[in-house]
Amino acid sequence: MTTSEDISMTDSPDHVDILKENMERVDELSKRLAHAISQKQPHNRGLDAPNHELFARAASAYWSEMFQNPAKIMEKQVAYWGQTVANFAEAQKTFVDHSEPTESTSKDGRFSHEMWDNNAYFKYVKQQYLTNAETIRTAVAEVEDLAPIDKTRLQYFADQIVQMMAPTNFLATNPEALERAMATDGQSLIDGLENLVADLEANNGEMIVRLVDETAFEVGGNLATTPGDVVYRNKMLELIQYRPTTETVHETPIIMFPPWINKFYILDMKEKNSFVKWVTDQGYTLFVVSWVNPHDGFADVGMEEYIEDGYLTVIDVVKKICEVPQVNAIGYCIAGTTLSLTLALLKARGDKSVKSATLFTTLTDFGDQGEFTPFLQNDFIDGIEEQVGQDGILKSWIMSRTFSFLRSNDLIYRPAIRSYMMGEAPPAFDLLFWNGDGSNLPGKMAVQYLRGLCQRNEFSDGGFELLGETLKLKDVDVPLMSISCETDHIAQWKDCYRGVQQMGSRSKTFVVSQSGHIAGIINPPSKKKYGHYTNKNLKGEAGDWMAGATFNEGSWWPLWSSWVKKRSGKQVPARKPGNESYPALQAAPGSYVMIKATR
């Protein structure tokens, strides 16, 4: 009930001044909003949604089921009607009797605010949403006469609609956002609009939610600070050699190839969790590749250039700098896949330059597309191929959006609510800063990877044609260790395992680290956080491997160090970066890492 005190406060001069000022800001922001949206560049519609034929097939299957088994359809419909009426009846009873709503059984984190349970209106909104969501998911799950891939895609896209329509995503049905607006005289909404406009302006009209306070971090300032020098540079990469921290080092150097979808400094974030620093401190000469961020001039750059001007050139340069016949190599994610291709190529050429290989979260058998199934079908890949044909590159935001929708609540809707409805500034979180510092992909390379490896699985099945050779997974025969991660949704550990099984190496070690694609790899021993599983028997199915595995407390880093140490030769005097033929060009982290992706 409104009191005279409330009215007088509302009519106070100070309140009127605040309201007037906010209205002026809204007018200004509205103009900026319209201009920002007008800057959006058109892109291929195939990137936004599956071909309509998927939904046509689903509708056909649904109607077929309805005609063949109408009783089942009606039973589901009546059940839905009944639950809907029950939700309304409970809300009505609470309104009329002024009784307390019944205790909620939902454990959905989106509905943690107390008003979702103790306010009849919001309780009804929540319950009806959950009823609708369950009904949609059940209906999709029970669709018959639909190909398995179509059903997987239908479930995914139906779930995206369910997530998008959550009441928390709308101001009128988000009690926390409404409370904040009331408590701040609408200032939170003004700040939220400011955040929205800023995000649109920063991304040429694309709505990409800013996840992190970018002013809190500086590459080379408080990230990527391990001392080293760029000792080689070409159009594809900069090669960094890190300065030694021990008097002697192992004779055989290590080359680390990070993925070129993101920047290399995930391996060198802060001193306490830097894999780069840790490896250097163990007495190894470490080189790390910093890939270029491609622009449209890289349209015709393919996997061939990444291997010839990347892997093979770097291996040759490192051998010359260190005056050794062999190197140990590490490949992370797509760089691990390409390292495996390189090893098969070296096998075909009779080149034994690589003494051992370590693979981080690496897929080489793409027979099971996992969570990426919705995006690896022809309609989406056709859209990507047409778009890169126009742009020359696959722009970073397209890949980022795809990865984000695999975890849409955590990476899209919740950050959007905090930023746009609550008016909060994004947090200062280094991992999210790195995650947002993406890279473009050359057009040719992106299509080769998506078509030849992801779709046709040629490396595992028949052979991948490249550089005049047919590269086969079984030809990877150097001693290797593969590190996969238990909850990795990008490179699922069972799929990594299947690829390692097919490799021809007589010495193979497979490890499953706890946690996901990043945290399972960047897991320093000092944290004593995530453990790892080991099992020497790689003959059975993945489930059998895990059933027989031993769980080991703590990081896998020491296990790997002991393994690679046996393949790293004698101790030699510590090496300074470069030599006369390859002098230090620039201090780490170099210049390529500073290049931002094209929006």
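Numbers for residues simply follow the sequence, beginning at 1.
- Between the side chain of Gln492 and the backbone N or O of Leu363, no donor-acceptor pair lies under 3.5 Å.
- Contacts of Asp281 classified as salt bridge (Lys or Arg N to Asp or Glu O under 4.0 Å), with partners at least two apart in sequence or in another chain: Lys277.
- A ring pair (Phe, Tyr, Trp, His ring centres under 6.0 Å) check over residues 213-242, counting only residues at least two apart or in different chains, returns the pairs Phe217-Phe433.
- Other residues, nucleotides and ligands contribute at most 12 non-hydrogen atoms within 6.0 Å of the CD atom of Glu271.
- For Glu201, the side chain to side chain donor-acceptor pair (under 3.5 Å) criterion is met by Arg32, not counting sequence neighbours.
- Taking 4.5 Å as the limit, some side-chain heavy atom of Ile521 sits within range of a side-chain heavy atom of Cys485.
- Residues forming a side chain to side chain donor-acceptor pair (under 3.5 Å) with Glu469 (at least two apart in sequence, or on another chain): none.
- Other residues, nucleotides and ligands place no more than 12 heavy atoms under 6.0 Å from the NZ atom of Lys347.
- Sequence neighbours left out, the pairs with a member in residues 298-307 that pass salt bridge (Lys or Arg N to Asp or Glu O under 4.0 Å) are Glu304-Lys444.
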Can you list, pair by pair, the side-chain donor-acceptor contacts under 3.5 Å of residues 461-468, counting residues two or more places apart and other chains?
| from | atom 1 | to | atom 2 | distance (Å) |
| --- | --- | --- | --- | --- |
| Glu465 | OE1 | Thr470 | OG1 | 3.1 |
| Glu465 | OE2 | Thr470 | OG1 | 2.7 |

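- Side chain of Asn293 to main chain of Asn440: a donor-acceptor pair is present (N/O by atom type, distance under 3.5 Å, no hydrogens or angles).
- Between Thr152 and Gln369 the shortest side-chain heavy-atom distance does not fall below 4.5 Å.
- Gln502 and Thr364 are not linked by any side-chain donor-acceptor pair at a separation below 3.5 angstrom, with hydrogens and angles left out of the test.
- Aromatic ring centres of Phe375 and Tyr156 lie closer together than 6.0 Å.
- Taking the six-membered ring for Trp and thresholds of 30 and 60 degrees, Tyr497 and Trp545 have ring planes inclined between 30 and 60 degrees apart.
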Full working for ring-ring contact (aromatic ring centres under 6.0 Å, His included) between Phe403 and Phe372: CA-CA 9 Å; Phe403 285 118; Phe372 286 93; 5.5 Å; yes
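- Asn234 and Thr313 are not linked by any side-chain donor-acceptor pair at a separation below 3.5 angstrom, with hydrogens and angles left out of the test.
- Taking 4.5 Å as the limit, every side-chain heavy atom of Thr361 sits out of range of all side-chain heavy atoms of Ser484.
- Partners of Gln326 under the side chain to side chain donor-acceptor pair (under 3.5 Å) rule, at least two apart in sequence or in another chain, do not exist in this structure.
- The aromatic ring centres of Phe360 and Trp556 sit less than 6.0 Å apart.
- For Glu541, the CD atom is loosely surrounded, since the number of other residues' heavy atoms within 6.0 Å does not exceed 12.
- Here the two rings, on Tyr533 and Trp493, have centers that are 6.0 Å apart or farther.
- A search for salt bridge (Lys or Arg N to Asp or Glu O under 4.0 Å) contacts involving Lys529 returns nothing, not counting sequence neighbours.
- Under the rule for a side chain to side chain contact (heavy atoms under 4.5 Å, CB included), the partners of Glu218 that lie at least two apart in sequence or sit in another chain are Asn222.
- Under a 3.5 Å cut-off, the side chain of Asn328 and the backbone N or O of Ile254 do not form any donor-acceptor pair.
- Annotation: salt bridge (Lys or Arg N to Asp or Glu O under 4.0 Å) contacts of Arg575 (sequence neighbours excluded): none.
- Looking only at atom types and distance, the side chain of Asn262 has no donor-acceptor partner in the side chain of Asp437 under 3.5 Å away.
- Side chains of Asn378 and Gln455: a donor-acceptor N/O pair is present below 3.5 angstrom, by distance only.
- Take Gln282 and apply the side chain to side chain donor-acceptor pair (under 3.5 Å) test, not counting sequence neighbours, and it matches no residue.
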Which donor-acceptor pairs under 3.5 Å do the side chains of residues 315-323 make with protein atoms, sequence neighbours left out?
| from | atom 1 | to | atom 2 | distance (Å) |
| --- | --- | --- | --- | --- |
| Asp316 | OD2 | Lys320 | NZ | 3.1 |
| Lys319 | NZ | Ser353 | OG | 2.8 |

